[in-house]
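Heads up: the structure comes next, in structure tokens.
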Amino acid sequence: MPHGANPVRPDQENIGSPVARGREEGRPVSTGPHVLVVTAVPAERDAIASAFDGLRHEIPLRSVNLHRVAAADTTLDLLAAGVGPAAAAASTATALTTAALTGAAYDLVLCAGIGGGFQPAAPIGSLVVADEIVAADLGAETADGFVPVSDLGFASVTHRPAPDLVRRVAAATGASAGSVLTVSTVTGSARRAAELRSRHPRALAEAMEGFGVAAACAVADCPVLEIRAVSNPVGPRNRALWHIEDALTALTKAFELLAPALGPPSAPAHTRTT
Ligand SMILES: O=C(O)c1cccc(C(=O)CC[C@H]2O[C@@H](n3cnc4c(=O)[nH]cnc43)[C@H](O)[C@@H]2O)c1
């Protein structure tokens, strides 16, 4: 299905439908999982929305805008939170708090979008699901190299989503499971790509929002996942190697396959480690 196939409809067109009733009450439209999907930009949000056949509604909250879609017994609220970990954390926290205060707390938050893939492990157009969400540049530069804040005695730099949920999403979508790095600066050289891989040998992808989303989820005690469709290789900057449309298409396909796998995790929400 092409992107944008499910345009947001004005309120009046949907009055009386199950989805519209859910929106009017500010509650999920089904009794199944209530999932918040956080993207950076509207193009990613819309690629995900196009995976769902049903109606799509805009739910304006005070400071964030949700687009609601439903599949089987799952309600998904899609949020374009902004680029980078700070915007992602702030918007996710706002959406989580608002939902909790209205008695419709989320069961799961899914950070989703395009990302850079470490080669050859994560080719263009492939999918990666994070079994670790790592803040890769949160630390200090020293004479001996980069030191993560966790080694300096401050906060954690890793969130681990529930393994059972990671396995189910990987099985449903064909995604590879591994570390996904959150960076504030897109990698643009072979040297930095190699440095990141040597510090994080299990890294499959890098993007800019996962750790912010996971930090908000940890505060709210809500399970988190991150899934990335690879749009470009991590390495020397080369616009000819960006395949954003291919990655957005892969993201749509992932969500067509994903909804049935989004039930509640059978393991603890997620753990914060070093
Ligand atoms: O200017 C560049 O060289 C450049 C290369 C890749 C991506 C960008 C962006 O500004 C996109 C940031 C946006 O997309 C996600 N993303 C996609 N690819 C990467 C990447 O290789 N490294 C980090 N983030 C990436 C990211 O999550 C942002 O939402 C610019």
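Remember, it's 1-based here, ligands and their atoms both numbered in the order they're listed.
- Every pair tested for salt bridge (charged side-chain N to carboxylate O under 4.0 Å, His left out) that includes a residue from residues 112-127 fails, sequence neighbours excluded, so the list is empty.
- Grouping the Ile, Leu, Val, Met, Phe, Trp and Tyr side chains by contacts below 4.5 angstrom, directly or via other members, places Met208 apart from Val180.
- Defined by atom type and a distance below 3.5 Å, a donor-acceptor pair is present between the side-chain atoms of His67 and Arg56.
- Of all protein heavy atoms, the one closest to atom 5 (C) of ligand 1 is Trp242 CZ2, 3.1 Å.
- Ligand-side atoms of ligand 1 in range of Arg228: 27 (O), range being under 4.0 angstrom from any heavy atom.
- Under a 4.0 Å heavy-atom criterion, Glu44 is not in contact with ligand 1.
- Counting heavy atoms closer than 4.0 Å to ligand 1, residue Ala40 contributes side-chain atoms (C-beta onward) but none from N, CA, C or O.
- Among all protein heavy atoms, the one lying closest to atom 19 (C) of ligand 1 is Gly116 N, 3.4 Å.
- You'll find the side chain of Leu78 stays beyond 4.5 Å of the side chain of Leu66, heavy atoms only.
- In terms of protein heavy atoms, atom 14 (O) of ligand 1 is closest to Ile114 CG1, 3.8 Å.
- Linking Ile, Leu, Val, Met, Phe, Trp and Tyr residues whenever their side-chain heavy atoms come within less than 4.5 Å leaves Val129 and Leu204 in two separate clusters.
- A donor-acceptor contact closer than 3.5 angstrom is absent between the side chains of Glu206 and Thr182.
- Considering only non-hydrogen protein atoms, atom 9 (C) of ligand 1 sits nearest to Val186 CG2, 4.1 Å.
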